[in-house]
Amino acid sequence: MFIFDSARKEKREFIPQNEGKVTLYVCGPTVYDDAHLGHAKSALVFDLLTRVLRAHGYEVTYARNITDIDDKIIKKAREQNKKISEITTFYTSSFHAEMAALGVQRPDIEPKATESLEAMYEMIQKLIDKGHAYTTPSGDVYFDTSSDSGYLSLSKRVQEENDKQNRVESSEEKRNSADFALWKSVKDGSVTFESPFGLGRPGWHLECSAMIEKHLASSHAEYAVDIHGGGADLLFPHHENEAAQTRCATNHALAAYWMHNGFVNIDGEKMSKSLGNSFFLKDALKIYDGEVLRFYLLGTHYRSNFNFNTQDLEASKKRLDKLYRVKKRLFGLTGEEVATAFQNELLKALGDDLNISAALALIDELINKINETLDTPGKHKEFKREALSNLAYIERVLGFGVQNPYEYFQSGVDEATKAKLAELIEKRSEAKKAKDFAASDAIRDQILAYGVQIMDTPQGTFWEKI
RNA sequence: GGUGCCAUCGCCAAGUGGUAAGGCCGCAGCCUGCAAAGCUGCUAUUCCCCAGUUCAAAUCUGGGUGGCACCUCCA
């Protein structure tokens, strides 16, 4: 496999530290609000990566954290007069439900900040002991960036230039403007934990480094994890800071490979609350099938910026529809799974830094070949067996085509309408049998009024929601 | 100001030295009572512009132009 390593800015052959095993850590959500399309993109990208790694035969341990200690959470709890835990529980479960709708598999480990405090204390203490962190008079603990010769090696920035544009007020207690909080002392009792460093709460960057040590790292390894991923915006300062903490507190570097996914824009504009154009996943899922969103969001290479718009989504859906139509043609058939050349080619395409476009082109070729073959007379027994295996492989590795094909085309239609449609189709069939085409066409128009199109096949008349 | 990314058919989008994948849309045909679906064929001598390297460049180099991201919590 090949992976583009955003630390080195080049595509590299992927070689895990332990043969056959991969550790993957991805920065997950801060659970203070509904997930938007950007969260979906990131989760989908690393879901795909995990599936592809597993298809390559790797035993993958995938961890994605839940940040449940954060100023934004506290603010929200205050505003809504709720407990912190009510907020975090609510948004954690909605996140899980929405990701499930997209076909995102749950990570193997999902550590929470609130459950990782001991690991964080341990890391802070190590950093203090090694002279990489200092305590201020007001009780905060900061990471001393000047003590880390490798600082900024990940993002390759220039500190003086960062400072020129630094829009954040720098605390006067910090030794260097880039120093970041490991521990924030809190006196108002809002959300405080009792630590060896006093009452307070941990800085945001710390949790990932601590969780990685706790759950994934082996102390003698050169790297704490094989792959560390997240959104492109996290490269700096979040990942830079994580890398610094781990490098200074332990005897290994944080990650052998870094992967960053591109952003999701809406109609050419950055999603942001101030622009009022955040597209929440829960709203998108009211309009579109989760798998359609999965297919659309994964349809563009993970490192590209993604511009979400409904026209492109509709075009993308038509491509997925074709996969489902071919599944309809093979529906009900079963057989032993066999390995095929197609599967090898698909895996090769995806193994090249998740080249989804190449993979989709192969799938389109496959669909075309299946339709072409099924259009010719014959039983095609062996061909069908291979076709079924290939479709099953696509389901497993890409998560495309996982639904019952008939239900896929009829999702969102209520039972009463379905019954009515069945009735109309029956009437139309009778009219057709009587060669009363004026009547059958009139009924078809009635059916069309439901937003449904029909198709006559040798097996009968079927309908699809348009 | 710094760091970095991008520019390929009407639209989406691969391709990073060997002579332009794939999808949507469109056009023609087959099939169909007619449709829909499916199938077949057609649809970029050309990859933002200029110059250079090379037997060979969308792909490399230099210079432009135009987008964009990060440097603040952020996927």
Side-chain angles (χ1 to χ4, degrees), chain A residues 6 9 11 26-30 32-33 35-46 64 67 70-72 75 152 155-169 178 204 229-238 240 260-265 268-273 278 296 299-301 303-307 309 311-322 325-326 328-329 349 352 355-365 367-368 370-376 409 432 435-438 440-441 444-445 448 452-457 461-464 466:
Chain A
S6 38
K9 300 189 195 306
K11 202 188 277 184
V26 175
C27 291
T30 300
Y32 74 104
D33 204 352
H36 58 228
L37 293 174
H39 293 103
K41 173 82 181 177
S42 180
L44 284 165
V45 164
F46 292 103
R64 182 185 63 205
T67 299
D70 183 89
D71 292 351
K72 294 188 290 295
K75 186 165 171 262
L152 298 179
S155 61
K156 299 184 175 55
R157 286 165 197 275
V158 183
Q159 191 55 49
E160 292 71 43
E161 300 303 334
N162 274 350
D163 291 344
K164 281 185 194 167
Q165 286 296 305
N166 206 337
R167 284 168 283 178
V168 152
E169 257 184 72
W204 173 49
D233 55 328
L234 297 178
L235 181 62
F236 186 87
H238 186 54
E240 187 72 59
H260 291 94
N261 65 275
F263 262 58
V264 178
N265 294 332
E269 278 193 281
K270 183 183 169 172
M271 246 192 306
S272 95
K273 290 207 175 129
S278 286
Y296 175 47
T300 296
H301 188 78
R303 279 189 280 120
S304 303
N305 283 331
F306 188 95
N307 188 34
N309 70 68
Q311 290 72 31
D312 292 350
L313 186 148
E314 293 298 337
S316 174
K317 179 181 179 300
K318 287 185 180 174
R319 209 171 180 178
L320 181 60
D321 287 350
K322 283 167 57 167
R325 289 209 184 93
V326 94
K328 270 171 119 174
R329 296 188 76 169
D352 182 15
N355 189 336
I356 191 76
S357 292
L360 291 180
L362 287 168
I363 290 172
D364 283 323
E365 271 176 39
I367 291 170
N368 194 261
I370 293 173
N371 277 320
E372 196 187 335
T373 304
L374 295 183
D375 280 351
T376 63
F409 284 112
K432 270 181 59 170
K435 301 233 186 288
D436 185 354
F437 295 124
S440 76
D441 288 351
R444 181 163 59 201
D445 288 342
L448 204 61
V452 160
Q453 69 183 10
I454 52 175
M455 38 203 37
D456 295 327
T457 77
T461 300
F462 298 99
W463 62 270
E464 293 181 0
I466 298 169

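The sequence lines fix the lettering, A, B, ..., with proteins before strands; numbering per chain opens at 1.
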Would you classify [X] as touching base, sugar-phosphate or nothing, given that sugar-phosphate means primed atoms plus P, OP1 and OP2, and contacts are heavy atoms under 4.0 Å?
{"X": "Arg325(A)", "value": "sugar-phosphate"}
{"X": "Lys322(A)", "value": "sugar-phosphate"}
{"X": "Ala315(A)", "value": "sugar-phosphate"}
{"X": "Gly38(A)", "value": "base"}
{"X": "Leu234(A)", "value": "sugar-phosphate"}
{"X": "His238(A)", "value": "nothing"}
{"X": "Ser304(A)", "value": "sugar-phosphate"}
{"X": "Asp456(A)", "value": "base"}
{"X": "Asp364(A)", "value": "sugar-phosphate"}
{"X": "Arg444(A)", "value": "base"}
{"X": "Ser357(A)", "value": "base"}
{"X": "Val26(A)", "value": "nothing"}

Quick one: which of [options] gets closest to the side chain of [X]?
{"X": "His301(A)", "options": "A37(B), C68(B), A14(B)", "answer": "A14(B)"}
{"X": "Phe236(A)", "options": "A75(B), C34(B), C71(B)", "answer": "C71(B)"}
{"X": "Ala358(A)", "options": "A36(B), A14(B), G38(B)", "answer": "A14(B)"}
{"X": "Ala361(A)", "options": "A21(B), G4(B), A75(B)", "answer": "A21(B)"}
{"X": "Asp441(A)", "options": "C34(B), G4(B), A37(B)", "answer": "C34(B)"}
{"X": "Thr300(A)", "options": "A13(B), C70(B), G33(B)", "answer": "A13(B)"}

Can a side chain N or O of [X] be found less than 4.0 Å away from OP1 or OP2 on [N]?
{"X": "Asn355(A)", "N": "G15(B)", "result": "yes"}
{"X": "Asn368(A)", "N": "U40(B)", "result": "yes"}
{"X": "Asn371(A)", "N": "C39(B)", "result": "yes"}
{"X": "Asn307(A)", "N": "C12(B)", "result": "no"}

On a whole-Å scale, what distance lies between the [atom1] atoms belonging to [N] and [M]?
{"N": "G17(B)", "M": "A13(B)", "atom1": "C1'", "result": "22 Å"}
{"N": "A57(B)", "M": "U46(B)", "atom1": "P", "result": "14 Å"}
{"N": "U61(B)", "M": "A7(B)", "atom1": "P", "result": "14 Å"}
{"N": "A58(B)", "M": "C47(B)", "atom1": "P", "result": "7 Å"}
{"N": "C25(B)", "M": "A36(B)", "atom1": "P", "result": "12 Å"}
{"N": "C39(B)", "M": "C31(B)", "atom1": "C1'", "result": "8 Å"}
{"N": "U43(B)", "M": "C24(B)", "atom1": "C1'", "result": "13 Å"}
{"N": "G10(B)", "M": "G26(B)", "atom1": "C1'", "result": "9 Å"}

From [atom1] of [X] over to [atom2] of [N], roughly how many Å is that when rounded to an integer?
{"X": "Asp321(A)", "N": "A36(B)", "atom1": "CG", "atom2": "P", "answer": "15 Å"}
{"X": "Arg329(A)", "N": "C31(B)", "atom1": "CZ", "atom2": "P", "answer": "17 Å"}
{"X": "Lys318(A)", "N": "G23(B)", "atom1": "NZ", "atom2": "P", "answer": "14 Å"}
{"X": "Leu320(A)", "N": "C24(B)", "atom1": "CG", "atom2": "P", "answer": "12 Å"}
{"X": "Asp445(A)", "N": "A36(B)", "atom1": "CG", "atom2": "C1'", "answer": "13 Å"}
{"X": "Lys11(A)", "N": "A14(B)", "atom1": "NZ", "atom2": "P", "answer": "12 Å"}
{"X": "Leu362(A)", "N": "A14(B)", "atom1": "CG", "atom2": "P", "answer": "15 Å"}
{"X": "Phe263(A)", "N": "C6(B)", "atom1": "CZ", "atom2": "P", "answer": "17 Å"}

query: What is the minimum heavy-atom distance between Arg64(A) and Ala43(A), and which atoms define it?
result: NH1-CB, 4.0 Å
Whom does [N] pair with, Watson-Crick or G-U wobble, provided both distances fall under 3.5 Å?
{"N": "A28(B)", "value": "U40(B)"}
{"N": "C60(B)", "value": "G52(B)"}
{"N": "C34(B)", "value": "none"}
{"N": "C70(B)", "value": "G2(B)"}
{"N": "A13(B)", "value": "none"}

[Y] and [X] side chains, donor-acceptor separation under 3.5 Å:
{"X": "Asp456(A)", "Y": "Thr461(A)", "result": "yes"}
{"X": "Asn309(A)", "Y": "Asp312(A)", "result": "yes"}
{"X": "Asn261(A)", "Y": "Arg303(A)", "result": "no"}

- request: Report yes or no: does Glu240(A) contribute a side-chain atom to a donor-acceptor pair with the main-chain N or O of Leu152(A) at less than 3.5 Å?
  value: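 Between the backbone of Leu152(A) and the side chain of Glu240(A) there is a qualifying donor-acceptor contact (under 3.5 Å).
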- prompt: Given the rule in the salt bridge (Lys or Arg N to Asp or Glu O under 4.0 Å) test, do Asp71(A) and Lys75(A) qualify, once you have shown the distances and angles that lead to the verdict?
  reply: CA-CA 6 Å; Asp71(A) 292 351; Lys75(A) 186 165 171 262; over 6 Å; no
message: Would you compute the distance between atom CD1 of Ile370(A) and atom CG of Asp375(A) and round it to the nearest 0.5 angstrom?
response: 12.0 Å
query: Does the pair Lys328(A)/Glu464(A) count as a salt bridge with the N-to-O cut at 4.0 Å?
result: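 Glu464(A) and Lys328(A): salt-bridged.
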message: Any carboxylate oxygen within less than 4.0 angstrom of a Lys/Arg side-chain nitrogen, looking at Arg444(A) and Asp441(A)?
response: yes
message: Any donor-acceptor pair, under 3.5 Å, between the side chain of His36(A) and the base of A75(B), if you only look at N and O atoms?
response: yes
field: Closest-nucleotide 5' rank along RNA chain B - winner of Ser42(A) and Met455(A)
entry: Met455(A)
message: Please compare Glu365(A) and Ser440(A) by the position of their nearest nucleotide in RNA chain B and report the one closer to 5'.
response: Glu365(A)
